[in-house]
Number of protein chains: 2
Amino acid sequence: MSTRPVTLPDTPSRVWVALHEFVTGEDRRRALRAALDLGPGKVEVLIKLADGPMTLREIARAVAIDPPAATVGIDMLEARGLVHRTPHPDDNRRKLVHLTDAGRDAAARGHAILSEPPPALTNLDPDDVARLGEILTRLQTNTR
Amino acid sequence: MSTRPVTLPDTPSRVWVALHEFVTGEDRRRALRAALDLGPGKVEVLIKLADGPMTLREIARAVAIDPPAATVGIDMLEARGLVHRTPHPDDNRRKLVHLTDAGRDAAARGHAILSEPPPALTNLDPDDVARLGEILTRLQTNTR
DNA sequence: TATTGTTATACTCTATAACTATA
DNA sequence: TATAGTTATAGAGTATAACAATA
């Protein structure tokens, strides 16, 4: 009787689970909390705002939260002096959220933390890194 | 004057950011909430408990939370009838947390949701899936 | 009427500190 | 004295519903 391997061959499902484990194994939340006292969602907002001001609605859509959550979240960032609101020039209902200088600094520091690859990836064979990059490019264009 | 590409070559950092975007783009939290009314952390606990009972301490370590958070979390799962506590046979300070039948069912359904690969991955060339699986295996053994 | 932002409210998730019971 | 679990408390994060102002 031949022994069969316990692990299945590489199916999309198995690869998906492994991908998730690898990515979420790195605890970015703790790193961001320690460095900036902000969660990943707040840092994500700051980084998006680095490209220019956004309305509350746009922020909510960009980070997949509801409008009330955006209001509360921006309230907190504003209380910390990282963003500020101005009236929208074309529509008095809307408000534009801008980064302050402190917010721009926090966005840059947060981006640096989030861009720091884990050692396992840094130590990976450069050919594998290149292959991985190519496959990811194909995945990203594979919306369908 | 030659035009240089805007994107940098594939560095570990760029690959890391792309990996993260791909993985977290799928909103598992909403899917789990809709199907089971549980968050990813709770489902993760249920799935781990499917391998056998664990003490509160073991659960806390396994999902990287503090002991009080484990107590509160298990309280909630117990109130929903998904787990139950029994005294530890060897040590009266400890308690063992077991899945109930309902908990085992929820763990299975949660595992199915978490294992469901996104369309982009399902549609990926099987050779790329295999390559990706190999690279992930090398990454996982690359702890250093 | 529809849209933008807000307030009120509630629940989940997690952390720190202090406590109880047991080893 | 050290460990396992708990309680109390606090804050971040997000959701739903109801509301005000503006389009």
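In the text below, chain A, chain B and the rest are named by the order of the sequence lines, each starting its count at 1. Just the heavy atoms: all of them, side chains too, but no hydrogens, waters or symmetry mates, feed the values below. Remember, predicted model here, so these are calculated numbers, not experimental data.
- Under the rule for a side chain to side chain contact (heavy atoms under 4.5 Å, CB included), the partners of A:Ala69 that lie at least two apart in sequence or sit in another chain are A:Ile65.
- If you find the closest nucleotide of DNA chain C to A:Glu58 and to B:Asp37, the one lying nearer the 5' end belongs to A:Glu58.
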Reading nucleotides 14-23 of chain D from 5' to 3' and marking B where a protein heavy atom lies under 4.0 Å of the base, S where only the sugar-phosphate is that close, and - otherwise, the string is BSBB----BS

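- Taking atom CD1 of B:Ile74 as the reference point, atom C1' of D:dT7 lies 17 Å away to the nearest angstrom.
- The salt bridge (charged side-chain N to carboxylate O under 4.0 Å, His left out) with B:Asp37 is formed by just one residue from the set B:Arg30, B:Arg80, B:Lys42, B:Arg29; it is B:Arg80.
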Criterion side-chain hydrogen bond (donor to acceptor under 3.5 Å, both in side chains) on B:His20 and A:Arg28, from CA distance to verdict: CA-CA 11 Å; B:His20 235 288; A:Arg28 302 161 69 136; 2.4 Å; yes

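- Applying the side chain to side chain contact (heavy atoms under 4.5 Å, CB included) criterion to B:Ser115, with sequence neighbours excluded, gives A:Ser13, A:Val17, B:His111.
- Contacts classified as ring-ring contact (aromatic ring centres under 6.0 Å, His included) and involving residues 37-63 of chain A (residues at least two apart or in different chains) are not found.
- The list of ring-ring contact (aromatic ring centres under 6.0 Å, His included) pairs with a residue in residues 21-79 of chain B, not counting sequence neighbours, reads A:Trp16-B:Phe22.
- Annotation: the span from B:Leu56 atom CG to B:Arg94 atom CZ amounts to 11.5 Å, rounded to 0.5 Å.
- Listed by chain and residue number, nothing satisfies the side chain to side chain contact (heavy atoms under 4.5 Å, CB included) test with A:Asp51 (two or more places apart in sequence, or in another chain).
- Identified under the salt bridge (charged side-chain N to carboxylate O under 4.0 Å, His left out) test for residues 113-136 of chain A, with sequence neighbours left out: A:Asp128-A:Arg131, A:Asp128-B:Arg138, A:Glu134-A:Arg138.
- A:Glu78 meets the side-chain hydrogen bond (donor to acceptor under 3.5 Å, both in side chains) test with A:Arg85; sequence neighbours excluded.
- B:Arg94 comes within contact range of the sugar-phosphate backbone alone, with a heavy-atom separation under 4.0 Å but no base atom that close.
- For the side-chain hydrogen bond (donor to acceptor under 3.5 Å, both in side chains) test, residues two or more places apart in sequence or in another chain that qualify with B:His98 are B:Thr86.
- Chain B approaches DNA chain C within less than 4.0 angstrom (heavy atoms of the protein), and the contacting nucleotides run 5' to 3' from C:dT12 to C:dA23.
- Side-chain N or O atoms of A:Glu21 include none that pairs as donor or acceptor with a backbone N or O of A:Ala18 at under 3.5 Å.
- If you measure from atom CE of B:Met76 to atom C1' of D:dT7, you get 18 Å, rounded to the nearest angstrom.
- A distance of 6.5 Å separates CG of B:Leu38 from CG of B:Leu46, quoted to the nearest 0.5 Å.
- Atom-to-atom, CZ of B:Arg61 to P of D:dT3 comes out at 13 Å; the value is rounded to the nearest Å.
- Looking at residues 100-111 of chain A, you'll see that no heavy atom sits under 4.0 Å from any atom of DNA chain D.
- Rounded to whole angstrom, the span from the CG atom of A:Leu77 across to the P atom of D:dA12 amounts to 11 Å.
- Relative to the axis of its first five pairs, the axis of the last five pairs of the helix from C:dT1-D:dA23 to C:dA23-D:dT1 sits at 10°, rounded to 10 degrees.
- For the pair B:Asp75 CG and D:dG5 P, the interatomic distance rounds to 12 Å; values are reported in whole Å.
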